[in-house]
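One-based numbering, in listed order, for ligands and for the atoms of each. Heavy-atom basis, side chains included; hydrogens, waters and symmetry copies ignored.
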Amino acid sequence: METNQELLSRSLSAVWHPCTQMKQHETLPLVPMARGEGVWLYDFDGKRYLDAVSSWWVNLFGHCNPRINAAIKDQLDRLEHVMLAGFTHQPVVALSERLSRLSGLGHCFYGSDGASATEIALKMSFHYWRNSGRPEKTRFVSLQNGYHGETVGALSVTDVALFKDVYAPLLRASTQVPTPDWRYAEAGESARDYALRCAAALRIHLEQHHAETAALIVEPLVQGAAGMGMYDAEYLRQARAICDEFNVHLIADEIAVGFGRSGTFFAHQQAGIKPDFLCLSKGITGGYLPLSVVLTTDMVYQAFYHDETARGFLHSHSYTGNALACRAALAVLDIFEQDDVIAANRDKTALFNRIAAPLRAHPQVKNFRNTGMIWAFEAASTVPGFARRCFEEGLKRGLLLRPMGNTVYFMPPYVINEQEIRLLVTGVLEIIECL
Ligand SMILES: *Cc1c(COP(=O)(O)O)cnc(C)c1O
């Protein structure tokens, strides 16, 4: 049997880990994982870690969920994959029908990762306007601190300096408008009033630039990589109306907040609006397999439907609509229906908030906030390298936390139970006390 130590050193010589300065692993050990079950991940010594970040926001129903496992195993013996250009299969058709019913949008276009969904939405929006006789609409607007992925096109509308600045010479210019994230509100200004003020700034920008703007792309309700910045749904209502007024598409990037994470199945539903493009990934397969999808309106679809080949959307990824991934996604949708997950999560959110009350009230905890199954706060600590120290203290206590700067957040799998919530909150209170 492999030991933690062996796997760790083999990984460091063979694997280039993502989003990592590899040299830091000289002093910060990798955490080798042998297996998972529910909210828990186990190393080779049997030590367990509560996955409080759902393995980068992808896991919904726990690791090695028996129902998702069974669906994938069944699919594996029928059809693992077939190219989707010129061919089709049951899981991709059924998944597209169900996502359409859930979103009120149609014709699912598949990619593999979240960033590929962003690329697809940006290209489709631009190409729609071109097919509609408006080729000058080539520019994109996004929110300050927004995150939409890290491929070159997606990075162009992302606004996170650490990921973006080095690559600036490669990127197309885009415009960032003020973020409605209420942490930026004036003292005494409500989240809603601040959202209205930011919407007014968006309106001024589009008044001047609508003629050359194809789309506004936003993360509805929660800006994840910005440090779980949360905002009032009024901003989305305003943004929808302003985009309509100026003939600009609204792209909802629900890669992180879709599939119940925000408290409703899709986050934009809390504003009672419909986007022109909806990007989904992460939770779509319950955290099992890479899959992303862009849904759009019939109007957009029809603008590509033509005798001329080049008016079509000639974009593809090799694994587009992979059968195993689609089958995992169907199992996820079955769980949502059979277990009435959205209603159950409402109770779980209330329970979590009750248990987390001492954390919210702690003098070292600022801006405690919650949207659906996401919680976050800023630690007042001035300890240098807080994020890394907190990560290490978490591991000691069997908690997988991954703070962003001084922002500590919880985005647990939905299957987390009361006892596990207590472990998590107690552990984080201890960490806050010692840092
Ligand atoms: C994670 C994320 C992406 C990128 O998805 P990848 O699968 O990592 O490429 C895009 N947008 C948002 C809002 C995300 O959270």
Between [X] and [Y] (judged by ring centroids, cut-off 6.0 Å), do the two rings come close enough to count as a pair?
{"X": "Tyr49", "Y": "Trp40", "value": "no"}
{"X": "Tyr184", "Y": "Tyr194", "value": "no"}
{"X": "His317", "Y": "Tyr319", "value": "no"}
{"X": "Phe265", "Y": "Phe259", "value": "yes"}

*Got an N/O contact under 3.5 Å between Gly149 and ligand 1?*
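Gly149 vs ligand 1: no N/O contact under 3.5 Å.
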Looking only at protein heavy atoms, which one is nearest to [atom], and how far off is it?
{"atom": "atom 11 (N) of ligand 1", "answer": "Asp253 OD2, 2.7 Å"}
{"atom": "atom 4 (C) of ligand 1", "answer": "Ala115 N, 3.6 Å"}
{"atom": "atom 5 (O) of ligand 1", "answer": "Gly114 CA, 3.1 Å"}
{"atom": "atom 15 (O) of ligand 1", "answer": "Lys282 NZ, 2.6 Å"}

*Please identify which atoms of ligand 1 are closer than 4.0 Å to at least one heavy atom of Ala256.*
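This gives 15 (O) as the contact atoms.
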*Of all the heavy atoms in Trp56, does at least one lie under 4.0 Å from an atom in ligand 1?*
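It does not; every heavy atom stays at 4.0 Å or beyond.
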*Would you verify whether the NZ or CZ of Arg35 falls within 45 degrees of the ring axis of Tyr42 while also being under 6.0 Å from that six-membered ring's centre?*
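Cation-pi check for Arg35 and Tyr42: passes.
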